[in-house]
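These figures come from a predicted structure and were not determined experimentally. Atoms considered below: every heavy atom in the structure, side chains included; atoms not considered: hydrogens, waters and symmetry mates. Chain letters run A, B, ... following the sequence lines, proteins first and then strands; every chain starts at 1.
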Amino acid sequence: MPHTLVLGVGNLLMSDDGVGVHAVQRLEKRALPPGVEVLDGGTCGLDLLQFFESVERLIVLDAANVGRAPGEIVRLTGDDVPAFLAMKVSPHEINLPELLFSAKLSGIYPREVVVLGVQPETIETGVELSAPVAAQVDALIERVMAEIGT
Amino acid sequence: MRAVEDALGIKIPTNARLIRNIIETIQYIQDHVVHFYALHALDWVDITSALEADPKATSALAQSISDWPKSSADYFAGVQAKLKAFVETGQLGPFANAYWGHPAYKLPPEANLMAAAHYLEALTWQREVIRAHAILGAKNPHLQTYLVGGMSIPVDPNSQAAINADKIAQLLSLFAQAKEFVEKVYLPDVLAVAPFYLEYAGLGEGLGNFMSYGDLPLKDDFDANSPTDLFLPRGVILNRDLSKVLPLDPAKITEYVTHSWFKYDDEKAGLHPSQGTTVPNYTGPKPPYEFLEVEDKYSWLKAPRYGDQAMEVGPLARMLIAYVSGHERVKYWVDAVLTALNQPATVLFSTLGRTAARCVETLVLAEQLAPWTNELAANIAAGDLRIHENVHWDPSTWPAEAMGWGWTEAPRGALGHWIHIKDGKILNYQAIVPSTWNGSPRDAKGVAGAYEAALVGMEVADPNQPLEILRTIHSFDPCMACAVHVLDPNGKEITRVIVKE
């Protein structure tokens with residue numbers, strides 16, 4: 001089993017933005033094959049780079065605004081995974097594309113990167129997921145289990 | 001945590017005080033360096049221009065400002081090749097999102113290449129330095145070692161899982177790396193970039209009122225009002241008066257909601273946070289909207305005031321208060337930076353002053369990591385293994401009612417939490433975070449907060465690319481969108497800044 005990191009990112013206080021974190025919190029309770037690590041990355045931004053070293057396969061769970069129906073899951077791989085640097089107001093805005101861009105620049109971009117993104121319905125302040133997104137968390141976890149071959 | 005400790009009268013043990021100071025200091029250093037390289041440097045450094053640089057001339061430039069070893073022509077040629085490769089594969093699509101090529105970028109290509117190389121080095125450096133948090137904090141990235149009364153990490157010279165001689169040695173090695181990078185890369189870069197942008201030493205001045213709660217206690221039984229008991233001293237400076245630091249009276253802190261989407265019984269009056277309420281009352285237009293009426297309520301931030309005056313908080317406030325309080329190392333580094341740039345102390349009231357103050361603070365704090373770690377080691381070696389005060393752990397020991405104020409200086413400035421405990425439960429809890437002070441909307445009298453005051457009268461060359469505004473707002477290190485991280489695969493615009501006359 002290649003060294004795999006399942007990383008959930010997002011803000012639990014901004015409703016559907018936290019879907020990736022909700023999912024990894026549940027994944028942490030599942031039995032996973034050796035070599036698979038699960039990490040709640042929250043809103044840590046560049047602090048997460050330290051966890052990329054020696055990771056061969058990275059599976060990221062995040063909210064993704066892709067113009068689909070709320071709760072729909074999209075899978076991005078290869079060049080479709082966004083990795084770029086954007087002008088931003090605050091370093092707390094360091095987001096997934098910038099984190100991945102920084103990993104590329106640092107030469108620690110994992111060999112395989114898969115993003116499982118969930119279309120949010122709302123990213124307003126709130127600790128609960130919207131109904132359509134909450135209904136997809138189990139499906140998201142099963143997609144991760146399929147990715148890691150269990 | 002400190003709010004509860006204050007309410008219950010808990011004094012934490014020496015080891016806990018030292019470990020908290022060390023964790024907080026490493027947090028400051030990492031945060032400031034990442035802010036500079038990953039956010040603020042891009043306001044001044046044009047990465048695309050770095051591709052035009054001559055690596056030999058870049059090497060000569062780097063060696064003229066620092067003896068940092070990564071400075072050969074081959075090294076810079078390698079960095080340049082790496083950047084070029086990114087451009088050629090189209091992965092710099094990212095850079096299209098920034099304002100590259102804007103006429104307000106003034107560095108020569110070689111300075112841009114040097115800064116770009118240091119940006120890459122900072123990415124690797126911060127990954128190393130933050131390991132200290134894993135050593136002291138039990139778990140990364142969300143530290144789990146803090147608890148009311150002290151820390152949870154065990155101190156035991158004979159246990160591998162505890163803080164022991166091995167871990168102290170690892171910490172000292174990391175801290176030596178941290179200090180070297182700050183002194184040989186971060187400071188020289190600030191001093192190399194600043195002369196090209198000296199107009200920003202006269203821009204973005206802001207309020208001229210500064211406040212620090214102070215932090216990093218140097219004694220277990222400290223007096224927070226003594227400038228020698230807190231490494232970062234407490235106090236207030238009003239109206240740019242650098243002749244004295246006024247004592248801070250926490251009773252003078254209030255918050256207004258006149259222009260905030262919250263409801264008070266009396267919307268013209270301020271409330272002390274111990275009596276504060278948080279009742280949301282959104283009265284704005286349904287999003288998405290083009291603009292907000294600033295005569296009405298227009299912000300989710302309350303307007304905190306000290307003695308009814310708006311205050312700036314953050315590294316500039318802390319360094320000015322320390323400087324005027326006679327802090328030896330702050331004075332040394334502030335004077336060194338001013339001398340190197342050939343500028344008087346009054347330039348500190350500016351966009352560039354904030355950027356310089358953040359660097360000075362990083363230098364001063366980086367010097368403390370090793371001595372404080374050695375102090376911790378010596379205290380443990382002397383047989384003191386206490387890490388937690390557990391006399392007040394059981395709620396049955398608490399008074400029926402208690403109120404507390406937890407204060408600290410976060411990297412971005414004064415952070416306060418107010419708690420009211422009744423019958424073992426939280427009756428009221430209020431927090432004022434640093435960006436609420438700096439980003440405050442207007443108060444009942446219409447007085448603006450620090451960001452707004454700093455932008456008054458600023459000329460913007462191209463309203464579609466308001467780089468001048470970003471430079472000034474970034475100099476405060478805002479925590480604005482703290483934080484929405486929805487992934488947009490196309491890098492689409494999410495926030496737009498519209499400048500109104």
(request) Flag the pair D47(A) / H133(B) as yes when at least one side-chain heavy-atom distance between them is below 4.5 Å, and no otherwise. (result) no

(message) Which residues pass the side chain to side chain donor-acceptor pair (under 3.5 Å) test with Y28(B), not counting sequence neighbours?
(response) none

(message) My understanding is that only residues two or more places apart in sequence, or in another chain, count here; which of them pass side chain to side chain donor-acceptor pair (under 3.5 Å) with T77(A)?
(response) none

(message) Heavy-atom count check: over 12 atoms from other residues, nucleotides or ligands less than 6.0 Å from E128(A) CD?
(response) no

(message) If you count heavy atoms of other groups shown closer than 6.0 angstrom to CD of E124(A), is the number above 12?
(response) no

(request) Check each atom of E121(B) against the heavy atoms of chain A and say whether the ones under 4.5 Å are side chain, backbone, both or neither. (result) neither

(message) Tell me the closest heavy-atom pair linking A38(B) and E98(A), and the distance in Å.
(response) O-OE2, 4.2 Å

(request) Give the minimum heavy-atom separation between R127(B) and E53(A), together with the two atoms involved. (result) NE-OE2, 2.8 Å

(request) Could you tell me whether a side-chain N or O of Q126(B) sits under 3.5 Å from a main-chain N or O of L46(A), the two making a donor and an acceptor? (result) yes

(request) Any chance you could lay out the side chain to side chain contact (heavy atoms under 4.5 Å, CB included) test for Y119(B) and L105(A), step after step, and finish with the verdict? (result) CA-CA 10 Å; Y119(B) 163 62; L105(A) 275 179; 3.7 Å; yes

